[in-house]
Amino acid sequence: MTMRSPLPLCRLIPALAAASLGTALLGATDKPAYLDPTLSVEARIDDLLPRLTLDEKIALVHGNGLFRSGGVERLGIPYLWMDDGPQGVREDVGLDTWSAAGRTDDFATALPPGITIAATWDPAVARDCGAVVGEEARKRGKTVMLGPAMNIIRTPLCGRNYDYYGEDPWLSGRIAVGYVLGMQSEQTIACVKHFALNNQEKDRNRVDVEVDERALREIYLPAFEASVKEGGALAIMGAYNKFRGEYCSQNDYLLNTILKGEWGFKGAVISDWGATHNTREAVMKGLDLEMGTWGPHDKNYLATAFRDGVQAGTYPLSLLDDKARRNLRMIFESGAVDGRRPGSINTPAHLDVVLRAAEEGMVLLKNDGAFLPLDLAKVHSIAVIGENAVRTFAAGGNSAGVKAFREVTALDGILARAGKAATIAYSQGYHQPEMRRGHARDVAGVRMTEEIDASPDEAKALADRAVAAAAQADAVIFVAGLTHQAHGDDEGTDRLDLSLPGHQAELIARVVAANPRTAVVLIDGSPVAMDPWLPSVPSVLQSWYGGSEAGNALAAALFGDVTPSGKLPCSFPRSLADTPTGQEGARAYPGVDGVVHYDEGLLVGYRWYDAKKIDPLFPFGFGLSYTMFTYSNLRVSSGKPGVAEVECDVTNSGPRKGAEVVQLYVRDGHAAVPRPEKELKGFARVELAPGETRTVTIDLNPRSWAAHRGTSA
Ligand code: BGC
């Protein structure tokens, strides 16, 4: 679908005159100021707004298609076309239906999801990813991309964890800012989401979040704040859930007080799809663009009812003007009025970015005896086991799904890299049961979900064949993990527990018993349980989902073309009971009587494990390498009061080229209020050749030490 181009001036000028909107009549050669690209966007909007009729302004603040709004044809203002994000430009649907449009030109490059990008700890890679999506959006005629997504991982069960940047506000913020800057540098508006506190998918449409002010400000909001203030994001999406009793898409405190008031946000608040509930609340409490409300568009909350209210004097015109202005900013800033640069899609350069992001995101969790990388001079036969080795993932997960132009599976990547040097045998081994969305129910206190599973005989036959294949190979690559099916890494549902579905755990244990030379690769987007097999496998590589180049990135890591350098963006717990959301009762998760209480306050992720002295299975920030790094000469200097420059020298003291992520945590031992044991406040990724030393500098500023002391609304 392409954006409508501005009307030719010869048609436009009579139309303007006919509109008799009180503006000066234009001569045949005069160009109205709003069409003059040399003027500032604000000046152009100042000129345009008085030319708009009430109905034209109203048309700017609600959808007129599932992913379309606005458009003032008679004045040459194009529609605002939106699309999901953030893993790439989603396939087109029909104007007013979720059904695919069935086009052949709506393929896109599939980016790795948020969790993989966060695992790179590399804002530059995030920036490149954002730029790829931004450029492809231009080619596809989309003005606004609905992403990136940056809700904090509070529970390991949240179905959308894979879409997010982990459990830490600083890391999330740095990655988010990179992505937003990259996307908006490509004339595509980034709509950061889901503002705010959409930390679980279960009951997301109604759950009311009760969280204390410090946790709100110190944990859940900083990535959004950074996206707005540093990234300059021009759109933000109000979440489905409630916060302190008010829906987030019409939440006075979040939208008017904090976002627009304190942060000075100049862009538009867009509702999540179908997240608007009431005209008065939406008008008064900060919403600028209502999207996805089902039914005729003139029945939208911000359509006729809003117009009538303005006419009756119930709502001030200035409020409508402000909302219209915010929507127009997106249109002008994207270049849509003047004509955007041509875009491109599925280019080799885009695939290079995807490959680098997927490679950098690989986290090596275990590597006893330097089992990885596999040396093809010594390994002549490899058994690749697991359904996830032959699955593609880009299309799944609901709104983040992409119709990928290309997606390399794990098996294809391994075959391409090692197929000539070694014999590769593939065995499926397990089948992940399809969990039917919405069928979870409690039976005698036990949560059950209807599974569409292989019969026990089929499952046993699959497993037996895999064990036999493993026994005969020099090395085994077991590709395990989750999928984007319901109750997996999926929008709209949460996982039911931490286990690997479909008897994978038992099978890994059997395979390792048959051949201890087994590396487990995890393709998933959330922490999973690793018992009983973890102690007996030499290597575990957390590969995550990798987008279009996933299999090639995986093979590069397995065979040592790249050294894994990713670090966990979220803690991996040993059990649910170890997590703040796995406590007795449902109060902390998923909520009781429609309210979820964030009783742990600031103690989210590693802050919780530190405070409770619980050892996670793998901690936040963890990740091994094929090489080694030595730190020396730590020094702290302060120029201005409260500002510190922290430096250290990092040497690659191992045998291979590799990258290290230096992480800086602070602790305020003298605070008047309780503070976490440690808080990430800076990091730097540094690439080093063997023997090379570089100095890493990380700045801390007053905000690095700040605790929120304000009071709540
Ligand atoms: C999701 C959003 C998405 C929107 C439009 C919602 O269900 O929560 O992330 O952008 O749909 O597809």
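One-based numbering along the sequence shown. Each ligand, and each atom within it, is numbered from 1 in the order the structure gives.
- K139 and E136 are not joined by a salt bridge, as no carboxylate oxygen comes within less than 4.0 angstrom of a charged side-chain nitrogen.
- Given atom 12 (O) of ligand 1, the protein heavy atom at minimum distance is D84 OD2, 2.5 Å.
- Aromatic rings from Y162 and H484 are positioned such that their centres are separated by under 6.0 Å.
- Inclusion of W98 in the set of residues having an N or O under 3.5 Å from an N or O of ligand 1 is not warranted.
- W121 meets the ring pair (Phe, Tyr, Trp, His ring centres under 6.0 Å) test with F620, F683; sequence neighbours excluded.
- The closest protein non-hydrogen atom to atom 7 (O) of ligand 1 is E491 OE2, 2.7 Å.
- Of all the heavy atoms of M145, none lies under 4.0 Å from any atom of ligand 1, so neither backbone nor side chain is involved.
- Close approach of ligand 1 to L146 (heavy-atom distance below 4.0 Å) involves ligand atoms 10 (O).
- Using a 4.0 Å cut-off to heavy atoms of R90, the atoms of ligand 1 that qualify are 12 (O).
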Inset, instruction - Give the C-alpha distance, both sets of side-chain angles, the deciding distance and a yes or no for salt bridge (Lys or Arg N to Asp or Glu O under 4.0 Å) between E333 and R329. - result: CA-CA 6 Å; E333 291 285 1; R329 273 193 194 114; over 6 Å; no
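- Here R160 has side-chain heavy atoms under 4.0 Å from ligand 1, and that is the only part of it that gets that close.
- Applying the ring pair (Phe, Tyr, Trp, His ring centres under 6.0 Å) rule to Y247 yields the partners H277; only residues at least two apart in sequence or on another chain are considered.
- The existence of a salt bridge linking D322 and R325 is excluded, since no basic side-chain nitrogen approaches an acidic carboxylate oxygen closer than 4.0 Å.
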Inset, instruction - In sequence, state the C-alpha distance, the side-chain angles, and the governing distance for I152 and V604, and then conclude on side chain to side chain contact (heavy atoms under 4.5 Å, CB included). - result: CA-CA 9 Å; I152 290 290; V604 177; 3.9 Å; yes
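- Heavy-atom proximity to H194, at under 4.0 Å, picks out these atoms of ligand 1: 2 (C), 8 (O), 9 (O).
- Near K193, the atoms of ligand 1 lying under 4.0 angstrom from a non-hydrogen atom of the residue are 2 (C), 3 (C), 9 (O), 10 (O).
- Of the N or O atoms in W273, none lie within a sub-3.5 Å distance of an N or O in ligand 1.
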Inset, instruction - Give the intermediate values and the outcome of salt bridge (Lys or Arg N to Asp or Glu O under 4.0 Å) for residues K403 and D92. - result: CA-CA 9 Å; K403 188 165 141 190; D92 281 0; over 6 Å; no
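- Atom 8 (O) of ligand 1 has D272 OD2, 2.7 Å as its closest protein atom, hydrogens excluded (heavy atom only).
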